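Let me begin by presenting the structure, written as structure tokens, before commenting on it.
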Amino acid sequence: MLELKLGWQSLRNNKQLYLPFILATSLLIGVFYIFQAIINNDSLAKIPTASAINSIMQVALVFTSLIIVVFMFYINNIVAKQRNKELGLYSMLGMTKANLFFLVLGVDVCLFGFSLVLGLLIGLSFIKFVLLAFVKLLDLKLVHLTVFSGQALLLTVAFFLAIFMALLLVDLAKLSQVRPVELWNAAKKGERLPKNSWFTKVLGLAGVATLIGGYYLSVITKPNASVITTFFLAIILVVIGTYALFTSASIFFLNLLKQNKNYYYKRNHFITVSGMLYRMKQNGVGLASICLLCTASIVALVATSSLMAGKDNQIKQSAPLDVSITSKKITPATYKKAQELAAKYKVTLINKKSQRISHLALANIEAGKLKISQDANTANYEVLTLPLADYNRVEGTNYHLKNNELLVYATDKKVKLKQLQIKGKNYRVRMLSEYKYRLGDVATLTGLYLIAPDAKSAQSLLNIPLNETYSFDLKGTDQAKKNYSQAASQQLRGRNSENFVTTVTTKVEVSEIINQFYGGMLFVGLMLSVTMLLTTGMIIYYKQVSEGYADRARFKTMQQVGLSLVETKQAINSQVLMVFMFPIVVATIHLCFALPALASVLKLFSMYDLKLLLIVAVTMLAILIIIYLLIYSLTTKVYRRIVNAD
């Protein structure tokens with residue numbers, strides 16, 4: 001058939017347009033298959049954190065799916081615009097719309113077929129290496145994940161088949177509504193954006209206000225149970241504000257410069273402002289998308305990398321000693337059983353610590369008054385109490401307290417208290433800089449350990465009874481320690497001989513859970529970042545392609561009005577550089593304002609090392625900027641070839 005031959009010829013003649021589309025789609029298909037293969041892997045059900053990791057993977061898959069759908073529709077729109085000129089020529093040469101339908105159908109089927117086959121090959125080829133990285137990150141020594149998943153394969157094919165069917169329907173619907181001359185000129189049209197009207201001005205100002213509102217919410221976010229909700233609200237405001245900034249506010253600002261005749265009617269300013277105005281009107285949505293994808297990828301990497309980098313400190317906080325036994329009353333039988341297990345598994349109990357400590361209570365501190373709270377969304381502290389004698393014994397100190405005095409240790413070093421009123425009684429506070437062997441560690445909020453003069457006053461502070469704890473380290477081989485920890489967890493946990501509930505926390509279990517959970521988070525963060533950077537690179541590439549075709553005619557026009565070839569190249573290249581640097585600059589600003597909220601979110605995971613967060617943020621931002629500049633440099637070569645600037 002003539003249509004199929006012309007479609008195949010179009011694919012061959014426009015490799016610069018179609019090959020990147022096939023490559024990008026194939027990589028996304030491979031990423032989607034890998035996600036599905038891990039989620040549908042039955043071997044994961046054997047690990048303790050399987051439910052949490054699966055939930056994280058499901059959320060990541062939904063987010064990835066949304067990125068893929070939006071990206072493919074966006075890029076298909078750009079590809080279709082460049083293809084329309086060719087279709088318009090065929091139409092004016094006598095081809096009917098039916099002929100054009102079959103031509104577009106043939107091209108889309110070929111694109112889908114090539115992309116699907118190559119994508120599945122990529123997914124099946126790299127799944128083994130990805131699973132090895134997954135197992136390494138999660139420290140899964142005895143879990144063997146299945147490489148091939150028929151269910152994942154079917155879901156991947158069905159998902160992308162649905163996308164390509166939708167793209168085909170959109171292409172055919174547009175084709176049926178236009179005339180040949182419109183097809184010929186369609187490739188020259190940019191994105192439809194608001195003109196410089198009162199609506200543009202209002203939208204721009206509202207967008208900037210929305211962006212500032214998102215920044216404000218991020219900065220004031222507190223590390224309590226509502227931090228996730230506040231953070232997502234801030235993200236929504238920033239997304240809305242970013243699109244308004246790129247599509248309206250920037251145009252409004254450039255038009256203000258244009259109206260300043262003393263500034264605008266100078267050669268360099270005239271070329272720069274008019275060129276920037278043209279480009280921002282044409283590319284505002286795409287540039288905003290690039291900015292948000294860069295922001296999302298860097299935030300995901302910073303958050304997950306910070307958790308992974310701080311996991312050893314988190315393990316130490318959650319389990320300062322190898323084994324900790326807690327009960328209302330620890331019986332002699334429990335001590336005896338712990339020693340018997342040590343003999344059985346050939347380990348020695350060392351560094352033994354005993355202390356009494358309360359359960360935690362949620363609280364707020366307002367105007368120097370500590371108030372118990374029942375609402376996790378508004379509470380700022382998790383408070384525990386213990387007697388001074390117990391603190392001195394485990395820490396090897398010799399503090400003394402009067403009846404109206406308290407020693408206070410806060411997990412957040414910024415907390416500084418001098419006075420504290422509890423249940424109407426005023427206490428003079430002395431802050432502690434260290435509590436090495438603290439138990440009953442807080443789960444999410446800032447922890448306050450109130451150390452009272454004696455057991456009676458410690459219990460009466462919050463009216464919460466004290467529990468007995470018995471903790472120790474293990475001396476022996478790593479395998480012997482692990483065997484002992486597993487046996488102690490199984491045999492000492494439950495109700496003891498006096499019918500009190502006994503809990504056992506081991507460093508082995510804590511390490512396993514934290515390694516798996518944080519490793520899973522880092523894996524998801526890396527996969528999402530790869531997906532977002534891939535889509536960012538392709539958006540930049542196609543923006544450069546569309547810019548190139550538009551600027552090829554502008555080159556000639558600018559030379560006809562008296563500019564030299566060198567001056568023309570400099571003017572256009574500087575505009576392209578400014579346009580594509582704008583997203584990464586705004587993304588950097590977004591990250592700076594996101595860090596306070598990100599720090600609050602990380603505190604939910606008991607990650608208090610803000611210095612570590614800043615180091616990770618700067619490192620990841622530097623890596624992102626290098627990758628972004630590399631993508632820009634490579635795609636600029638394509639742009640120059642199109643406009644014949646090389």
Side-chain angles (χ1 to χ4, degrees), residues 17-36 59-82 111-112 115-116 118-119 122-123 126 130 156 159-160 162-164 166-167 170 191 235 238-239 242-243 246 283-301 304 524-547 579-584 586-587 590-591 620 623-636 638:
L17 194 64
Y18 291 118
L19 279 180
F21 181 86
I22 293 172
L23 179 61
T25 305
S26 301
L27 291 172
L28 292 176
I29 290 173
V31 169
F32 189 88
Y33 171 78
I34 290 170
F35 263 119
Q36 288 286 4
V59 172
L61 181 62
V62 171
F63 186 69
T64 302
S65 301
L66 290 174
I67 292 175
I68 290 172
V69 171
V70 173
F71 166 76
M72 292 193 66
F73 272 91
Y74 184 79
I75 297 302
N76 183 72
N77 185 52
I78 295 177
V79 171
K81 283 181 180 179
Q82 300 303 325
L111 289 175
F112 174 68
S115 300
L116 184 64
L118 182 59
I122 291 173
F126 284 92
V130 174
T156 302
F159 178 71
F160 282 90
I163 292 177
F164 270 92
L167 294 177
V170 170
E191 298 164 2
I235 290 173
V238 168
V239 169
T242 301
Y243 276 106
F246 278 85
N283 300 311
V285 173
L287 294 172
S289 300
I290 292 171
C291 174
L292 291 172
L293 286 170
C294 288
T295 304
S297 61
I298 190 65
V299 168
L301 278 177
T304 54
V524 169
L526 289 171
M527 292 289 286
L528 287 177
S529 296
V530 167
T531 304
M532 288 184 283
L533 289 175
L534 173 63
T535 55
T536 300
M538 285 300 101
I539 290 174
I540 293 175
Y541 173 84
Y542 279 105
K543 279 298 171 191
Q544 295 278 41
V545 169
S546 61
E547 289 285 311
V579 166
F580 283 101
M581 288 304 105
F582 193 25
I584 196 66
V586 177
H590 285 351
L591 175 63
M620 293 301 168
I623 293 173
L624 175 67
I625 291 175
I626 291 171
I627 294 173
Y628 188 90
L629 292 175
L630 181 62
I631 293 171
Y632 169 78
S633 176
L634 293 174
T635 55
T636 299
V638 177

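Worth knowing before you read on, the calculation uses all heavy atoms, side chains too, and leaves out hydrogens, waters and symmetry mates. The chain is numbered in sequence order, starting from 1. All values reported here derive from a predicted model rather than from experimental measurement.
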task = Can you see which heavy atom on Val524 is nearest to which on Ala60, and at what distance?
result = CG1-CB, 3.3 Å
inquiry  = Does any part of the side chain of Leu111, heavy atoms only, come nearer than 4.5 Å to the side chain of Phe164, both counted from C-beta?
reply    = yes
key: From CA spacing to verdict: side chain to side chain contact (heavy atoms under 4.5 Å, CB included), Leu292, Tyr243   = CA-CA 9 Å; Leu292 291 172; Tyr243 276 106; 3.3 Å; yes
query = How many angstroms lie between atom CD1 of Ile298 and atom CD1 of Ile623, to the nearest 0.5 angstrom?
reply = 7.5 Å
ask   = What pair of heavy atoms forms the shortest contact from Leu293 to Thr535, and how long is it?
value = CD1-OG1, 3.5 Å
ask   = Hey, mind stepping through Thr64 and Met527 against side chain to side chain contact (heavy atoms under 4.5 Å, CB included) and telling me if it holds?
value = CA-CA 9 Å; Thr64 302; Met527 292 289 286; over 6 Å; no
task = Mind listing the closest non-hydrogen atom pair of Pro583 and Ile290 along with its distance?
result = CB-CG2, 3.9 Å
key: Shortest non-hydrogen contact between Met538 and Pro20, atoms and distance   = SD-O, 3.6 Å
4.5 Å side-chain heavy-atom contact, Thr304 and Leu526 = no
request  = Measure across Leu301 and Gly525 and return the closest heavy-atom pair with its distance rounded to 0.1 Å.
outcome  = CD2-O, 4.3 Å
key: Rounded distance (nearest 0.5 Å) linking atom CZ of Phe35 with atom CZ of Phe63   = 10.5 Å
remark   = Heavy atoms of Leu28 and Phe71 approach each other most closely as CD1-CD2, 3.5 Å
Close side-chain approach of Ser297 and Thr536, heavy atoms under 4.5 Å = no
Rounded distance (nearest 0.5 Å) linking atom CD1 of Ile67 with atom CE of Met532 = 5.0 Å
request  = Report, as yes or no, whether the 6.0 Å neighbourhood of atom CZ on Phe159 holds more than 12 heavy atoms from other residues, nucleotides or ligands.
outcome  = yes
ask   = How many angstroms lie between CG in Leu27 and CD1 in Ile122, if you round to the nearest 0.5 Å?
value = 4.5 Å
ask   = Side-chain contact, heavy-atom cut-off 4.5 Å: Leu629 with Met581?
value = yes
request  = Give, for atom OH of Tyr541 and atom CD1 of Ile631, the distance between the pair rounded to the nearest 0.5 Å.
outcome  = 13.5 Å
CD1-OH distance between Ile584 and Tyr628, expressed to the nearest 0.5 angstrom = 6.0 Å
query = Got Met620 and Leu591 here, is their nearest side-chain heavy-atom distance under 4.5 Å?
reply = no
query = Does Ser115 use its side chain to pair, donor to acceptor, with the backbone of Ser26 at less than 3.5 Å?
reply = no
